[in-house]
K.L.:
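This is the structure I want to talk about, given as structure tokens.
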Amino acid sequence: MTENYKSEKAPINWVVTVVLGLTFLAAITIVPWYGIAQGFSGWAWVFFVGFLIINGVGIGSGYHRLWSHRAYEAHWLLRLFLAFAGGMAIQNSILVWCIRHRIHHRDVDDNDKDPYSIGRGFWFAHIGWMLKDYASGKLDWSVVPDLERDPIVALQHKYYWSLVLLSNVVLPVLLGVLVGDIWGVFLLAGVLRLVLSHHVTFFINSLCHMWGSRPFSDENTARDNWFLAMVTYGEGYHNFHHAFQSDYRNGVRWWQYDINKWFIAACSGLGLAKNLKRVPDFKIQRARLSMVFKRAQARIDGAAENPRWRSLLETEYAQFKETINQWQQLQLERVQQSRQKLVEVIDQSTLKARYRELEKDLKLQRKRLALLTAQLYA
Ligand SMILES: [Zn+2]
Ligand SMILES: [Zn+2]
């Protein structure tokens with residue numbers, strides 16, 4: 001890996017520096033001062049929370065899962081809402097955001113190519129990458145040809161700064177006039193909301209590549225972090241996301257807190273979203289088990305020779321390979337059958353039953369391995 005970035009002299013991006021700097025300063029000085037001196041109305045708090053959630057959904061369900069990853073398809077009404085809600089968060093237009101995000105996935109952890117590579121430190125990955133025009137942040141328009149065809153995306157890009165002013169100044173002031181608390185609504189729902197919304201999103205690029213677990217893959221720095229998932233409406237399950245980026249869920253298990261996953265599913269129920277992409281459960285289990293084997297193997301290799309553990313693990317691994325072989329065979333059969341148009345109702349249900357059987361095998365094996373590794377790590 002080359003490391004040209006070390007000798008790079010990048011010019012300061014003044015627009016971003018001033019916007020991020022001034023809003024942050026106001027949030028830690030004027031906002032608390034006004035709160036103590038004047039107090040905020042209940043309405044100011046209501047708009048503050050409402051705008052925070054709207055921004056989070058705009059970025060998570062819109063910019064990220066819909067436009068960057070095409071994890072589902074959305075009706076134009078939903079796209080219009082997401083383009084507004086995401087633009088309000090002032091994180092650049094959909095087009096620019098998606099270019100950088102697609103490159104982040106493609107070249108993750110490459111310090112010269114990943115626009116917010118964690119290899120360049122916490123500060124750089126969190127905010128530093130935006131404050132200067134680095135070579136790694138250069139816009140490569142060839143990665144978003146599909147988005148340039150979306151008229152709502154094009155419109156949002158063209159009128160981005162008007163949208164920013166309308167949603168961040170005009171809207172809070174108008175609402176403030178309506179409820180009789182102009183400064184309160186502007187400072188809480190305008191300024192503080194924006195700064196909080198900024199930094200929790202930035203945590204995905206910084207902390208979610210530093211702190212947390214890696215249950216699905218250790219091929220990159222992305223981590224699953226339930227606490228960050230709580231403050232980012234589900235985006236904190238970042239290890240799963242980097243492993244299976246086209247899935248509309250980030251918190252893949254039903255109990256994992258992921259507001260964006262529920263929002264997209266609800267929109268699908270209302271007919272506003274369709275073709276929600278899900279990675280087959282078998283592939284997810286396979287990734288998790290591969291990681292368990294990898295860790296157990298490293299543990300055994302590092303410890304004193306223990307033939308019993310080694311042979312137990314080898315037997316389990318052979319069985320794991322066998323289950324995967326059977327699954328691949330089944331995939332092949334399914335493709336051939338559908339090609340020959342031989343799949344009848346009865347075949348479909350046999351296929352489904354065989355898939356379920358293999359999924360069950362993996363689940364049972366994961367339970368056995370959990371017991372085995374619990375003893376191994378004791
Ligand atoms: Zn992503
Ligand atoms: Zn990432």
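Whatever order the structure lists ligands and atoms in, that order sets their numbers, starting from 1.
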K.L.:
So Gln91 and Trp97, side-chain contact (heavy atoms from CB on, under 4.5 Å) or not? Walk me through it.
P.N.:
CA-CA 7 Å; Gln91 295 183 23; Trp97 201 99; 3.0 Å; yes

K.L.:
Please list, chain by chain and in numerical order, all residues satisfying side chain to side chain donor-acceptor pair (under 3.5 Å) with Gln285, sequence neighbours excluded.
P.N.:
Arg366

K.L.:
Would Tyr233 and Ile59 satisfy side-chain contact (heavy atoms from CB on, under 4.5 Å), going step by step from the backbone distance to the final call?
P.N.:
CA-CA 10 Å; Tyr233 316 97; Ile59 294 293; over 6 Å; no

K.L.:
For the Zn ion (ligand 1), report each protein N, O or S atom nearer than 2.8 Å, sorted by chain and then by residue number.
P.N.:
His64 NE2, His69 NE2, His101 NE2, His105 NE2, His241 NE2

K.L.:
At the Zn ion (ligand 2), what angle lies between atom NE2 of His209 and atom NE2 of His238, rounded to 10 degrees?
P.N.:
100°

K.L.:
I need the Ile53 CD1 to Phe48 CZ distance, nearest 0.5 Å.
P.N.:
10.0 Å

K.L.:
Mind checking whether His241 and Tyr237 have ring centres under 6.0 Å apart?
P.N.:
no

K.L.:
Under 6.0 Å from the six-membered ring centre of Tyr134 and within 45° of its axis: does the NZ or CZ of Arg120 meet both?
P.N.:
yes

